[in-house]
Amino acid sequence: MLDSLFSTTSTTTAISFGELVACVVGALALGFVISVVYSFRTHHTRSFATTLALLPAIVCVVIAMVNGSVGAGVAVAGAFSLVRFRSVPGSGKDISFVFLAMCVGLVCGMGYVFYAALVTVIIGGAYLLYQRFGFRGLTSAKDRALRITIPEDLDYVGAFDDLFARYTTYHELVSVKTVGMGSLFRLVYNVGIADPASEKAFIDDLRCRNGNLEISLAHQEAIADEL
């Protein structure tokens with residue numbers, strides 16, 4: 001084995017034009033599938049979805065061209081380590097799909113298109129199952145972000161505890177901010193709604209408590225740029 005690694009004789013096997021086209025077409029098709037799975041019921045940019053669709057074909061061509069050459073393979077691996085996505089930091093899902101796209105392109109470049117398709121189906125199917133039945137985030141359908149504006153003379157500590165006990169399963173004060181040149185306070189809570197049908201009654205009771213100032217009740221949002 002060491003003799004083959006340090007041998008000066010080239011062991012590169014030429015790939016035919018038909019095989020190259022078949023591998024690239026297969027990589028493009030699988031890249032499209034990966035992009036569709038990534039985009040399923042999630043916010044995404046068109047540029048990143050297009051990148052996922054094209055990345056397997058790009059990796060496939062590079063690997064096919066260096067097939068059998070250890071030195072060229074090491075050089076290509078070093079070149080890939082220099083590639084940086086010049087954008088905002090990605091989430092764990094983004095990084096996982098980039099690695100999946102590169103893995104599929106690598107397998108296609110080695111000529112194993114069937115195995116690449118099998119990997120895409122298995123991992124893509126597992127991702128869709130996780131999205132459907134769990135691992136969709138720490139928030140549930142009843143979790144809300146509550147923003148309340150109150151006058152400066154209202155002591156917000158414990159001011160809404162009875163309403164929270166009646167309408168929510170939990171409440172947590174996230175932030176307090178002064179607005180209106182210090183004449184108002186804006187409170188942000190994370191709450192769990194006990195009964196979604198009682199949201200209007202909850203807001204009406206809060207309005208009576210805060211002097212009919214601004215109230216906002218929205219779904220909690222996960223931070224997209226965290227791992």
Side-chain angles (χ1 to χ4, degrees), residues 15-67 72-74 76-145 190 192-193 196 218-227:
I15 184 172
S16 67
F17 177 77
E19 292 173 341
L20 178 62
V21 171
C23 291
V24 172
V25 171
L28 284 173
L30 295 176
F32 175 77
V33 173
I34 293 173
S35 180
V36 170
V37 171
Y38 168 82
S39 306
F40 181 71
R41 292 185 179 179
T42 184
H43 295 289
H44 62 278
T45 62
R46 180 179 299 180
S47 62
F48 188 75
T50 304
T51 299
L52 286 179
L54 297 179
L55 187 58
I58 297 172
V59 176
C60 173
V61 172
V62 174
I63 297 302
M65 292 298 98
V66 301
N67 185 28
V74 173
V76 170
F80 275 129
S81 67
L82 299 177
V83 175
R84 297 194 334 178
F85 290 89
R86 298 185 180 275
S87 60
V88 296
S91 65
K93 183 185 72 172
D94 298 340
I95 297 174
S96 298
F97 271 88
V98 168
F99 275 109
L100 174 61
M102 294 184 65
C103 173
V104 169
L106 174 63
V107 177
C108 286
M110 297 176 64
Y112 303 113
V113 179
F114 172 78
Y115 290 112
L118 187 62
V119 169
T120 302
V121 170
I122 292 175
I123 298 181
Y127 168 77
L128 294 177
L129 286 176
Y130 290 150
Q131 286 290 94
R132 176 63 180 83
F133 296 107
F135 300 154
R136 290 183 294 179
L138 298 178
T139 61
S140 69
K142 294 183 179 181
D143 291 327
R144 298 288 188 271
N190 285 335
I193 300 298
H219 289 280
Q220 295 179 16
E221 297 181 358
I223 301 177
D225 295 333
E226 288 187 353
L227 290 176

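Quantities reported herein were computed from a predicted structural model and do not represent experimental measurements. Values below: all heavy atoms of this structure, side chains included; hydrogens, waters and symmetry mates excluded.
- Partners of Phe114 according to the side chain to side chain contact (heavy atoms under 4.5 Å, CB included) rule, which considers only residues two or more places apart in sequence or in another chain, do not exist here.
- Applying the side chain to side chain contact (heavy atoms under 4.5 Å, CB included) criterion to Ala117, with sequence neighbours excluded, gives Leu30.
- Contact of the Val107 side chain with the Val119 side chain is not registered, since no non-hydrogen atoms from C-beta on lie closer than 4.5 Å.
- Remark: Leu128 pairs with Val37, Phe40 by the side chain to side chain contact (heavy atoms under 4.5 Å, CB included) rule, at least two apart or across chains.
- No side-chain heavy atom of Tyr127 sits less than 4.5 Å from a side-chain heavy atom of Ile123.
- Closest approach of Val59 to Gly105, counting heavy atoms only: CG1-C, 3.8 Å.
- Ring centroid separation for the pair Phe97 and Phe48 does not come in under the 6.0 Å cut-off.
- Of all heavy-atom pairs spanning Asp143 and Gly192, the tightest one is OD1-CA, 4.0 Å.
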### Query
Is there a side chain to side chain contact (heavy atoms under 4.5 Å, CB included) between Phe99 and Ile95 once you walk through the steps?
CA-CA 6 Å; Phe99 275 109; Ile95 297 174; 3.6 Å; yes
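- Minimum heavy-atom separation, Cys23 to Gly111: SG-CA, 4.0 Å.
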### Task
Starting from the C-alpha separation in whole Å, work towards a yes-or-no answer on side chain to side chain contact (heavy atoms under 4.5 Å, CB included) for Leu106 and Met102.
CA-CA 6 Å; Leu106 174 63; Met102 294 184 65; over 6 Å; no
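- Considering OG1 of Thr50 and CG of Leu55, their distance stands at 12.0 Å, rounded to 0.5 Å.
- The two residues Pro56 and Val104 make their nearest non-hydrogen contact at CB-CG1, 4.3 Å.
- No donor-acceptor distance shorter than 3.5 angstrom exists from the side chain of Ser35 to the backbone of Leu52, with no hydrogens or angles considered.
- In this structure, the separation between CG on Leu118 and OH on Tyr112 is 14.5 Å, given to the nearest 0.5 Å.
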